[in-house]
Number of protein chains: 2
Amino acid sequence: MTVTIYDVAREANVSMATVSRVVNGNQNVKPATRKKVLKVIEELGYRPNAVARGLASKKTTTVGVIIPDISNSTYSELARGIEDIATMYRYNIILSNSDQNENKELQLLETMLGKQVDGIVFMSDMITPVLLHELERSPTPIVLAGSIEETGKIASVNIDYFEAAYEAVKKLIENGHLNIAFISGPMTSKINRDYKMKGYREALEDADITFKPELVVECNNSYDEGMQAVLDLKPHKPTAYFVNNDEMAIGVIHAVEEGGQSIPEEVEIISYENSKLARMARPMLSSVALPLYDIGAVSMRLLTKYMNKEEIDENQVILPYRIEERQSTKNDES
Amino acid sequence: MTVTIYDVAREANVSMATVSRVVNGNQNVKPATRKKVLKVIEELGYRPNAVARGLASKKTTTVGVIIPDISNSTYSELARGIEDIATMYRYNIILSNSDQNENKELQLLETMLGKQVDGIVFMSDMITPVLLHELERSPTPIVLAGSIEETGKIASVNIDYFEAAYEAVKKLIENGHLNIAFISGPMTSKINRDYKMKGYREALEDADITFKPELVVECNNSYDEGMQAVLDLKPHKPTAYFVNNDEMAIGVIHAVEEGGQSIPEEVEIISYENSKLARMARPMLSSVALPLYDIGAVSMRLLTKYMNKEEIDENQVILPYRIEERQSTKNDES
DNA sequence: TTGAAAGCGCTAACAT
DNA sequence: ATGTTAGCGCTTTCAA
């Protein structure tokens, strides 16, 4: 009932190979026969079966995307970058949520490899040794997007998380703060635990400010925990907050203001994300601007190079970031 | 180099058919031989090729998801609902962004059908006649998620958008407002143009309030246009706003407050979405609560029924909504 | 319970 | 420029 390449060949009085050639845009076809074949394709409503093609050619033109949670705006922005570039290179995307669960991640990898994806973009806050082992064993290229894997064995695209954190905290220090709190995301994330934390600590140390563990609070990146953190930190009287993401930062703003302090006069806040929320906050949030879309896009672009077996000059790409100064910090302009 | 079912069969001294049976959990295999086969599979690191399986069985256990924009939180929430249920039923998802562009939508449909997806979840603000035609012609089941198609020919999952809008506006009227603005989303969307607009108009008419076209503003659902709308409406002095989504509603809040009016004392606002932004606004937003995740989940569930050729009692499912009253409206409790 | 064999719909040599 | 043919790796009758 479904029309196949064989039906088209028969109707057009040519061989399957010829039909295949016109379908795939091979130039070795006489214009007249091409036209004839195209006509039959049209008449019969022939639609090439990509599964059969995949089996025969060993290419599926689909790539796997393993992402912690697509409903999280950080990741959905990344995903959009991935998808746009994938579309540009004619790939489709199989997208799955891992919820940062290692077993799910392993199983997803297995499923996608079983589906013969041509490549994989992988995102995870923590690449465990067993995960790394599987990533290395993959018969298909893999690139990590916004995910740290320190051996450098797997290609990745990131920003300099340490540097960005350092710079943000330094700005707070330059504005005269000595008691700077760090509202961190989950320490299970390597980026949080090692890179941002290190940026925070070193910025303090370089300014001869003693690091006080009680000024760092581990949260789940939610608005509510952002508010709660401010309450919890009250005894320590922080005058500035370095906050892991915009949503928590808004929680911090609200808790600080409800506590009767004004921003940025009495308390300054700098976030680490710069989603569109940053401009929707009052005061508007100063924030480290993460190029999420670009991380996704560049990751996918890098993956296409691997899939085409092109030469790769650098498999660990570091994208630039910037700091967007708005109203939650005192700036020269303000 | 890649190990196939044939390699396993040879090593285990059984036929391919037997290997296939154990891989697929067929009970007609003697435990001893099952064990033997499993052992060889383990040793050889055999991973079934889903593409070959798909070609032979005519099932890919993959469904297509055509979505306007995954980076938009409304849709990413929907997508998460779809993906969770898909995973539950062991389907993977090919996800593509259409940007509401009809040509892209048509082309995506074509690509996905070519990839032999077992079903499709489709989202679009406007189902044009040609699109409807293609959806009807699909050899594979399709369900519309959060998308209106009035002929009822295609299965769909929605809420009663009209009723929800009506009820929201009625609430504003009951609170004493006569001059209620409607900050609408794009009128290219059928839901906006017909359903919500109708809810707004009928609520007014049923309360003997004349509908004034100058009180409705068509916006693009962004924060900035929400703010701008308030400025544009100033001459008409609205005392209440019915706003199409949370992001714009926050823009409305800010513009109203910057205009020196207090919420909810002087101006009331009710939104139509209830994303997590609603609680992050100050004052917190009252809002029609859209069950986005559920719309996605139920759509996918419905699709599995079609894919399994189960009996469907109702192909147009309407999910319940509720209205979440917070601080941007005056409530009995407040 | 197991095996043999015929496809599934296409691509990719290889011939012509 | 076009055709022939042998797979790709699996499922699925049908037989045994």
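Quick note on labels: first sequence line is chain A, next is B, and so on, each numbered from 1.
To the nearest 0.5 Å, the span separating OG on A/Ser98 from NZ on A/Lys104 amounts to 7.5 Å.
Among the nucleotides C/dT11, C/dG3, C/dC10, the one closest to any side-chain atom of B/Ser15 is C/dG3. The listed nucleotides are C/dT1, C/dG9, C/dT11; the one nearest the side chain of A/Ala52 is C/dG9. With distances taken from any side-chain atom of B/Pro48 to the nucleotides C/dA12, D/dC10, C/dC10, the minimum falls on D/dC10. Side chain of A/Arg53, nearest nucleotide from D/dT2, C/dT11, D/dC10: C/dT11.
Side-chain contact annotation: A/Glu149 with A/Ser156, donor-acceptor N/O pair under 3.5 Å absent. A donor-acceptor pair shorter than 3.5 Å can be found between the side chains of B/Asn24 and B/Ser20. Residues A/Lys115 and A/Thr60 bring no donor and acceptor atom of their side chains to less than 3.5 Å of each other. Remark: the A/Asn158 side chain and the A/Tyr161 side chain contain an N/O donor-acceptor pair separated by less than 3.5 Å.
A heavy atom closer than 4.0 Å to some atom of DNA chain D occurs in B/Ala56, B/Ser57, these being the qualifying members of residues 54-61 of chain B.
A residue-by-residue look at A/Met16 and A/Pro31 shows that A/Pro31 has its nearest nucleotide of DNA chain D further toward the 5' end.
The base of D/dG3 lies close enough to the side chain of A/Arg21 for a donor and an acceptor atom to sit less than 3.5 Å apart.
Nucleic acid contact for A/Val14: sugar-phosphate only, since backbone atoms but no base atoms lie under 4.0 Å from a heavy atom of the residue. Using a 4.0 Å heavy-atom distance criterion, B/Asn28 is classed as a base contact. Across all strands shown, B/Asp7 has no heavy atoms under 4.0 Å from either base or sugar-phosphate atoms. Within 4.0 Å (heavy atoms only), A/Thr4 reaches sugar-phosphate atoms of the nucleic acid but no base atom.
When the P atom of D/dG9 is taken as reference, atom CD of B/Gln116 falls 19 Å away, rounded to whole Å.
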